[in-house]
Amino acid sequence: MEIIRYAELKAHPWRNGGGVTREVARHPRTPSVQTAQSTAQDTAWDWRVSIAEVSTAGAFSTFAGMDRVLTVIDGELLLLSVDGAEHPLEKYRPFRFSGGADSAGALPTGDIKDLNVITRNGSFKGYTSIIELSKKRAHPVFAGQFGILLQGSATVSPGTAGEAAADVVPETEPVELNRYDAVVGSGTATPEILGRGFLAVVSIDPAEPGTD
């Protein structure tokens, strides 16, 4: 069972100084060719999941050839402009747009944090769902998914779904999650999350042939 602890993620400043980004995961994990221009905001990857702190209004970085899902996860409102059209993004409402679009954000109610899922067109498709957790019914996190605790308290335990062998006994001691910690999904002993609060479930699916 793999947990990515938010407190251990390094903050990378934006090129325009308007905020910082903490990368949760990417694929491939490291660029195949390192260049002097390689940064956290370059695109030597096919998908990336990250959490950004936005403290200043201004332009967003462009990701040509990418699809982007942005979700405000802290703060009240991000006024997002995409190719001249304004979109008021409220908390916990995922919004999809082209990574290559001319985009910028304004902060009418103050600083925000947002969850970004960016995928390369024709290779992967990303989705974000916000769910309310339950203490009675565990929420599984399957292979190709990340479960990110947005608010509240929760624990995660390995489940029995997808066990490779019937005699495999998974760990049973639950592990406490902190805010913005990410549980990496698995098809073997699929992690299960219990608690009170809200969870972002990020799914990264291979794109169907012939789709953008």
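Atom CZ of R5 is surrounded by more than 12 heavy atoms from other residues, nucleotides or ligands within 6.0 Å. Shown here is E2, whose CD atom has more than 12 heavy atoms of other residues, nucleotides or ligands within 6.0 Å.
One hydrophobic cluster, built from ILVMFWY side chains closer than 4.5 Å, cannot hold both Y127 and V202; they sit in different ones.
Looking at Y180 and L9, their side chains never come closer than 4.5 Å, going by heavy atoms from C-beta outward. Looking at heavy atoms from C-beta onward, R22 lies in side-chain contact with E53 at the 4.5 angstrom threshold. Between M1 and V156 the shortest side-chain heavy-atom distance falls below 4.5 Å. Contact check for D67 versus F97: no side-chain heavy atoms found under the 4.5 Å cut-off. Between M66 and N121 there is no side-chain heavy-atom pair separated by less than 4.5 Å. R196 places a side-chain heavy atom less than 4.5 Å from the side chain of K135. In this structure, L199 and I130 have side chains that are not in contact, with every pair of non-hydrogen atoms separated by 4.5 Å or more. Two residues are said to be in side-chain contact when any heavy atoms from C-beta on lie closer than 4.5 Å; L133 and L194 fail this criterion.
Distance CD/E8 to CD1/I3: 10.5 Å, rounded to 0.5 Å. For the atom pair CH2 (W47) and NE2 (H27), the distance works out to 7.5 Å, reported to the nearest 0.5 Å. L177 contributes atom CG, which lies 9.5 Å from atom OG of S153 (distance to the nearest 0.5 angstrom). In this structure, OG1 on T71 lies 13.0 Å from CD on E90, to the nearest 0.5 angstrom.
Using modelled atom types, no side-chain atom of T62 and backbone atom of A64 make a donor-acceptor pair closer than 3.5 Å. Side chain of S134 to backbone of R137: a donor-acceptor contact under 3.5 angstrom is found. With hydrogens and angles disregarded, no donor-acceptor distance shorter than 3.5 Å links the side chain of D83 to the backbone of A101.
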*Could you give me the CA-CA distance, side-chain angles and deciding distance for T128 and V201, then say whether side-chain contact (heavy atoms from CB on, under 4.5 Å) is met?*
CA-CA 6 Å; T128 301; V201 179; over 6 Å; no

*Residues R179, D74; criterion side-chain contact (heavy atoms from CB on, under 4.5 Å); working and verdict*: CA-CA 11 Å; R179 194 177 190 187; D74 191 32; 3.5 Å; yes

*Any chance you could lay out the side-chain contact (heavy atoms from CB on, under 4.5 Å) test for T155 and V175, step after step, and finish with the verdict?*
CA-CA 5 Å; T155 59; V175 178; over 6 Å; no

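Looking at every heavy atom in both residues, P13 comes nearest to A11 through CD-O, 3.7 Å. Heavy atoms only, all atoms of each residue included: R48 and S50 are closest at NH2-OG, 3.7 Å. Across all their heavy atoms, F60 and G105 have their closest contact at CE1-N, 3.7 Å. Minimum interatomic distance between S186 and P191 (heavy atoms only, all atoms of both residues): N-CD, 3.8 Å. A106 and A57 make their closest contact through CA-CB, 3.9 Å (heavy atoms, listed as atom of the first residue, atom of the second, distance). Closest approach of V72 and L89 over heavy atoms only: CG2-O, 3.7 Å.
A side-chain donor-acceptor contact under 3.5 Å links W14 and T21.
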Output side-chain donor-acceptor pairs under 3.5 Å for residues 109-119, partner residues at least two apart or in another chain, one line each.
from	atom 1	to	atom 2	distance (Å)
T109	OG1	L77	N	3.4
D114	OD1	N116	ND2	2.4
N116	OD1	R68	NE	3.0
N116	OD1	R68	NH2	3.1

Please report, to 0.1 Å, the donor-acceptor pairs under 3.5 Å made by any side chain of residues 138-151, with sequence neighbours excluded.
from	atom 1	to	atom 2	distance (Å)
Q145	OE1	F142	N	2.9
Q145	NE2	S203	OG	3.1
Q151	OE1	Y92	OH	3.1

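Electrostatic pairing of E23 and K10 does not count as a salt bridge here, judged by no charged N lying under 4.0 Å from a carboxylate O.
Classification of the F95-H87 ring pair by plane angle, with boundaries at 30° and 60°, yields tilted.
A cation-pi arrangement, defined by a distance under 6.0 Å to the six-membered ring centre and an angle within 45 degrees of its axis, is absent between R120 and F63.
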